[in-house]
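Quick notes on the structure that follows.
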Amino acid sequence: MQIETDVAVIGGGLVGISVAYGLAQRRVDNVVLDEGDAAIRASRGNFGLVWVQGKGLALPAYTGWAMRAVEQWPELAERLRSETGIDVGLTQRGGLYLSRTPEAFAQRAQDLAAVKSRFHGNYDFDMLDNEAIRKRVPEIGPDVVGGSYSRYDGQANPLRLLHALHRGYLLRGGRVLSGGGVTDIDQRGDKFVLTTARGQVIANRVVLAAGLGNAGLGHMLGVTIPVKPIRGQILVTERVPPIFDIAIEQVRQTEDGTLLIGGSWEDVGFDLGTTFDVTRRIADDALHFFPFLKNVRIIRSWSALRIISPDAAPIYEEIVPGAFLVTCHSGVSLAAIHANETSGWVEQGGIPEEMAGFDQRRFIASRF
Ligand SMILES: Cc1cc2nc3c(=O)[nH]c(=O)nc-3n(C[C@H](O)[C@H](O)[C@H](O)COP(=O)(O)OP(=O)(O)OC[C@H]3O[C@@H](n4cnc5c(N)ncnc54)[C@H](O)[C@@H]3O)c2cc1C
């Protein structure tokens, strides 16, 4: 089989499908190539936060990008609902990040103050002590030092988001080649010839949106792409009545009533296991934050691999003419802006100058 298309989007996770959906909306002919169900996918194992606070500490330009991204989320959620009938469960009632120790609380305050000081525009956050949190979240544990609150934050159902973007993409005439893992990319003249298990794809432009697979795709084009896996383990409880009306980074209630408890940050390569010591530590933190959890049963745990660049911020770069690298840690939070704006760069054939800070030149002086 041979397919010719304008744009080949490599990767059908949240990042690839967001860009492909945006391209389809712009009526740019494109095909999504995905490895299929056996692939390692962050998009199926994440926490579902639509989040701004903390973003931009290492890369100041990321703060404004994340703010714009969450502002665009309600319109995306509504569009997906009307086009596909899928409610992606977006709520944006603010978000809380809890600190376990006074040192962690002080560090958080310092970090967010640094983010705010470098941001040109309004950037509100509040450092709340236990009493202030209790007014908003009465279940908070008595020994919790405090936490940071941001009105920009929220949450969504990431699996429904992935499903809705795929369905919306297909409804707009998009094509997904599942089981179409790319094993070779050859540049012939101004075309890219991609070899996949399902045949050849010839494209004018390619989008590298394959998560951790981007490192291998980069090699095919002679470019090093510094992304590595960082494991996160998550616990999930039985369903309980509605408790939290805001998103909390450590314990998030889904619209089904389950509580997601997370998460770890582990540099263990591609190991997708769960471990007793880490899940016990996560559960211990959660009990400290919310003592009522001692009466709630854990029903499941899982792990997933984050896609992390050296500063954990996104990388956007045209790595060779016509080949666009799009990778990030926060594919849920950035879904709307990837659909709305990143797709436009691919359509227009260039990344705007104001996004130059997101390319890999920023890592030249850093060690990974
Ligand atoms: C524990 C955890 C919690 C998280 N929490 C949040 C959160 O609260 N909020 C948030 O915004 N983000 C969160 N994230 C991050 C978010 O899940 C990711 O940013 C997002 O899923 C990345 O999507 P992706 O499409 O880049 O990668 P993936 O979902 O990994 O998808 C990559 C796709 O590329 C395909 N692929 C790989 N190689 C090839 C190849 N050679 N050819 C063809 N296809 C290929 C695979 O089949 C796969 O489908 C979390 C991640 C983890 C692990």
Side-chain angles (χ1 to χ4, degrees), residues 8-20 31-55 66 69-70 73 95 97 153-159 161-162 165-166 176-185 194-198 201 206-220 225 227 229-235 247-250 252 260-266 270 272 274 278 282 301-309 312-315 325-338 342:
V9 178
I10 309 175
L14 278 172
V15 172
I17 199 64
S18 297
V19 176
V31 176
V32 172
L33 309 172
D34 192 67
E35 273 183 332
D37 280 343
I40 291 171
R41 293 167 187 225
S43 301
R44 293 192 177 184
N46 67 68
F47 215 64
L49 297 171
V50 177
W51 213 247
V52 169
Q53 64 169 299
K55 286 186 168 46
V70 304
W73 240 102
Y97 174 94
D153 296 329
Q155 55 192 326
N157 181 319
L159 294 179
L161 172 65
L162 186 63
L165 285 166
H166 269 271
V176 178
L177 211 61
S178 189
V182 174
T183 52
D184 188 42
I185 307 176
L194 284 67
T195 305
T196 83
R198 308 239 343 239
V201 177
V206 292
V207 178
L208 276 57
L212 291 167
N214 282 326
L217 297 175
H219 280 301
M220 296 174 201
I225 295 174
V227 287
I230 294 289
R231 184 170 72 183
Q233 299 189 41
I234 292 174
L235 308 179
I248 302 174
E249 183 156 319
Q250 291 87 350
R252 174 173 104 72
L260 301 185
I261 303 176
S264 58
W265 184 275
E266 302 165 76
F270 285 83
L272 266 170
T274 52
V278 173
I282 293 171
S301 64
W302 74 74
S303 79
L305 301 177
R306 300 181 182 87
I307 299 132
I308 298 297
S309 71
I315 309 175
L325 170 64
V326 182
T327 186
C328 69
H329 166 48
S330 292
V332 182
S333 308
L334 301 176
I337 207 160
H338 285 157
T342 305

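In listed order, ligands and their atoms are each counted from 1. These values consider heavy atoms only, across backbone and side chains, with no hydrogens, waters or symmetry-generated copies.
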Number the atoms of ligand 1 from 1 as they appear, then name those within less than 4.0 Å of a heavy atom of [X], with their elements.
X: Gly48; answer: 7 (C), 8 (O)
X: Ile307; answer: 22 (C), 26 (O), 27 (O), 30 (O)
X: Phe47; answer: 3 (C), 4 (C), 5 (N), 6 (C), 8 (O)
X: Val182; answer: 40 (C), 41 (N), 42 (N), 43 (C)
X: His329; answer: 12 (N), 13 (C), 14 (N), 15 (C), 16 (C), 18 (C), 19 (O), 50 (C), 51 (C)
X: Cys328; answer: 19 (O)
X: Ala304; answer: 53 (C)
X: Val332; answer: 9 (N), 10 (C), 11 (O), 12 (N)

Legend entry - From OG1 (Thr196) to CG (Asp34), nearest 0.5 Å: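 The OG1 atom of Thr196 sits 11.0 Å away from the CG atom of Asp34.
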
Inset, instruction - Give yes if a backbone or side-chain nitrogen or oxygen of Leu305 is under 3.5 Å from a nitrogen or oxygen of ligand 1, and no if not. - result: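 So ligand 1 has no N or O lying under 3.5 Å from an N or O of Leu305.
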
Inset, instruction - Would you check whether Leu212 has a nitrogen or oxygen atom less than 3.5 angstrom from a nitrogen or oxygen atom of ligand 1? - result: no

Legend entry - Proximal candidate to atom 23 (O) of ligand 1 [heavy atom criterion; set Gly13, Ser43, Ala209]: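 Minimum heavy-atom distance to atom 23 (O) of ligand 1 goes to Ser43.
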
Inset, instruction - Compare Gly180, Ala210, Gly11 and give the one whose heavy atom is closest to atom 32 (C) of ligand 1. - result: Ala210

Inset, instruction - Return the set of residues passing salt bridge (charged side-chain N to carboxylate O under 4.0 Å, His left out) with Arg44 (not counting sequence neighbours), or none when no residue passes. - result: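 By the salt bridge (charged side-chain N to carboxylate O under 4.0 Å, His left out) rule, Arg44 matches Asp37.
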
Legend entry - For Val9 against Gly16, the heavy-atom pair lying closest together: CG1-O, 3.5 Å

Proximity to ligand 1 by part of [X], non-hydrogen separation under 4.0 Å:
X: Arg44; value: neither
X: Leu217; value: side chain
X: Ile10; value: side chain

Inset, instruction - Tell me, please: is Gly263 in heavy-atom contact with ligand 1, that is, under 4.0 Å? - result: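 Gly263 does not count as a contact of ligand 1 under the 4.0 Å cut-off.
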
